[in-house]
Colleague: 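Before I ask anything, here is the structure I am working with.
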Number of protein chains: 2
Amino acid sequence: MDVFQAVADPVRRSMVERLADRGEATAGELSELAAERFGIRQPTASKHLKVLREAGVVTSSVDAQRRVYRLEPGPLDDLAGWAARQTRFWTGRLDALERHLDSEGDTP
Amino acid sequence: MDVFQAVADPVRRSMVERLADRGEATAGELSELAAERFGIRQPTASKHLKVLREAGVVTSSVDAQRRVYRLEPGPLDDLAGWAARQTRFWTGRLDALERHLDSEGDTP
DNA sequence: CAGCTATATAGCTGTGTGGCAAAGTATGGC
DNA sequence: GCCATACTTTGCCACACAGCTATATAGCTG
């Protein structure tokens, strides 16, 4: 699954936000957060973490029985870059459009 | 459907990119593009346009029998902003983290 | 080693969403 | 007025995905 799909889910976005705000967290902490905010069970949260992992949005390392998750900036930067590029092109271009229409000479 | 879900689909992303690159387009043009790239039929493309419309990513106006679609920067800016915020927080903070760990004084 | 804690996996189910063909709604042209 | 054009809507099916419970795996702890 790609980054776009990964962050399409509010539960996963909430996990990402938690990691962005306060740094790394264990699977348990993230699961508990999801439980509070969305009322989901631990295995469901674990599944969401798997999706984020496979999209490269987070990485995990093993600390005894704990898995520590942290944010991986790459994919999110790609996402931000894509979205920004889409708007930078035509935002503030209304004038350019009008010039274009003028040069076309047809106002139906 | 929100912006995140709206751009989660590659067909819809392709439509957005087309509008970002070369400005407004008719439903027919966007449908044809989707047909070429993804092999989908016209009603399916129309459905995708509806999703983009309802997410506020595009707006449409009527020109005779044609519907002209254009990009609405707002939602995409929100998306870009969100994604950027998630990474700006901890990117380039590895040093900050190390400083934090130093000030904690515990290296287990 | 027994048992507790932490997390992942397996297997099942309901619902949302993407795909299609067919029908409906406007509008322009003959 | 009627047909063609340009879309959208409707109704259908299939499949992906989020949710759950139950179970497996792994590592501490007594």
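The sequence lines fix the lettering, A, B, ..., with proteins before strands; numbering per chain opens at 1. Treat the numbers as computed from the prediction; the structure is a model and nothing was measured.
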Colleague: Determine: side-chain N/O of A:His48 to OP1/OP2 of D:dG19, distance under 4.0 Å, yes or no.
Modeller: yes

Colleague: Which residue lies toward the 5' end of DNA chain D, A:Gly39 or A:Val62, if each is placed at its nearest nucleotide?
Modeller: A:Gly39

Colleague: Between B:Arg85 and A:Asp21, is the closest basic N to carboxylate O distance under 4.0 Å?
Modeller: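 Salt bridge absent between A:Asp21 and B:Arg85.
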
Colleague: Would you indicate whether B:Arg70, at its atom CZ, is surrounded by more than 12 heavy atoms from other residues, nucleotides or ligands within a distance under 6.0 Å?
Modeller: yes

Colleague: Let's see if you can work this out: which of D:dG19, D:dC20, D:dT5 has an atom nearest to the side-chain heavy atoms of A:Val11?
Modeller: D:dG19

Colleague: Atom CZ of A:Arg37 to atom P of D:dG19: distance rounded to whole Å?
Modeller: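 Whole-Å distance recorded here is 15 Å.
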
Colleague: Rounded to the Å, how far apart are B:Glu32 CD and D:dA6 C1'?
Modeller: 12 Å

Colleague: For a quick check, tell me whether the side chain of A:Gln42 and the base of C:dA8 share a donor-acceptor pair closer than 3.5 Å.
Modeller: yes

Colleague: Give a yes or no on whether a salt bridge exists between B:Asp77 and A:Arg88, defined as a side-chain N under 4.0 angstrom from a carboxylate O.
Modeller: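 Between A:Arg88 and B:Asp77 there is no salt bridge, as every charged N stays at least 4.0 Å from the carboxylate O atoms.
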
Colleague: What is the distance from CD of B:Glu29 to P of D:dT5, rounded to the nearest Å?
Modeller: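 Result: 17 Å.
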
Colleague: Find the distance A:Glu54:CD to D:dA16:P and express it as a whole number of Å.
Modeller: 15 Å

Colleague: From the list D:dC7, C:dG19, C:dT7, which nucleotide is the closest neighbour of the side chain of A:Arg67?
Modeller: C:dT7

Colleague: Between B:Ser46 and A:Arg12, which has a closest nucleotide on DNA chain D that is more 5'?
Modeller: B:Ser46

Colleague: Considering only C:dT27, D:dC17, D:dG27, which nucleotide approaches the side chain of A:Gln5 most closely?
Modeller: D:dC17

Colleague: Look at the side chain of B:Glu29 and the backbone N and O of B:Thr26, then say whether any donor-acceptor pair between them is shorter than 3.5 Å.
Modeller: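 Looks like yes, one N/O pair under 3.5 Å.
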
Colleague: Nearest-Å distance, CD (B:Gln65) to P (D:dT5)?
Modeller: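 After rounding, the gap between these two atoms is 10 Å.
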
Colleague: List the atom of B:Gln86, the atom of A:Leu71, and the distance in Å for their closest heavy-atom pair.
Modeller: O-CD2, 3.5 Å

Colleague: Side-chain N or O of A:Tyr69 versus OP1/OP2 of C:dA8: is the shortest distance under 4.0 Å?
Modeller: yes

Colleague: Please report, rounded to the nearest Å, how far the C1' atom of D:dA6 is from the CG atom of B:Asp63.
Modeller: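 The answer, rounded to whole Å, is 11 Å.
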
Colleague: Separation of A:Lys47 atom NZ from D:dC20 atom C1', in whole Å?
Modeller: 9 Å

Colleague: Side chain of A:Met1, heavy atoms from C-beta onward: which of D:dC17, C:dT27, D:dG19 has the nearest atom to it?
Modeller: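 So the nucleotide nearest the side chain must be D:dC17.
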
Colleague: Over all strands shown, is B:Phe38 touching base, sugar-phosphate only, or nothing at heavy-atom distances under 4.0 angstrom?
Modeller: nothing

Colleague: Atom NZ of B:Lys50 and atom P of D:dT10: how far apart are they, to the nearest Å?
Modeller: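 So the two atoms are 7 Å apart, to the nearest Å.
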
Colleague: When you compare the side chains of A:Ser31 and A:Gln42, does any donor N or O come within less than 3.5 Å of an acceptor on the partner?
Modeller: no

Colleague: Counting heavy atoms from C-beta on, name the nucleotide in C:dA8, C:dT17, D:dC12 closest to the side chain of A:Pro43.
Modeller: C:dA8

Colleague: Looking across every strand, which nucleic acid part, if any, lies under 4.0 Å from A:Ser31 by heavy atom: base, sugar-phosphate, or nothing?
Modeller: nothing

Colleague: Provide the Watson-Crick or G-U wobble partner of D:dG11, both distances under 3.5 Å; none if there is no partner.
Modeller: C:dC20

Colleague: Taking only side-chain nitrogens and oxygens of A:Arg66, does any of them come within less than 4.0 Å of OP1 or OP2 of D:dG27?
Modeller: no

